[in-house]
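Since the structure comes first, as structure tokens, the remarks are kept for the end.
In what follows, every heavy atom counts, from backbone to side chain, and hydrogens, waters and symmetry copies are set aside. We're numbering straight along the sequence, starting at 1.
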Amino acid sequence: MKIPEYWIVDPIESKVTVLLWEEELYEQTEFFVNQQLFSPTFPELCITVEQILAAGNIS
């Protein structure tokens, strides 16, 4: 479908994988706990993997 960018959140491995469509292939970058995530689509976004994982634990 050539989605420009998508994320895979893996709470078991405590990581977020960002996949970016470039030159007819997806390039992937993995981010782990305490790393700040970088998104070419949202360059102003300032969030860590830990914050993303914590958002899933809202009660």
Q. Residues in side chain to side chain donor-acceptor pair (under 3.5 Å) with T48, at least two apart?
A. Q51
Q) Rounded to the nearest 0.5 Å, what separation is found between the CG atom of L19 and the CD atom of E22? A) 11.0 Å
(Q) With side chain to side chain donor-acceptor pair (under 3.5 Å) as the rule and sequence neighbours excluded, what pairs involving residues 30-47 come up? (A) E5-S39, E5-T41, K15-E30
Q | Same apolar cluster: I3 and L25, side chain cutoff 4.5 Å | A | no
Q.
Can you list, by chain and residue number, the hydrophobic cluster partners of V18 when the side-chain cut-off is 4.5 Å?
A. W7, V9, V16, F31, V33, L37, F38, F42, L45, I47, V49, I52, L53
Q | Cluster link Y6 to W21, ILVMFWY, side chain under 4.5 Å | A | yes
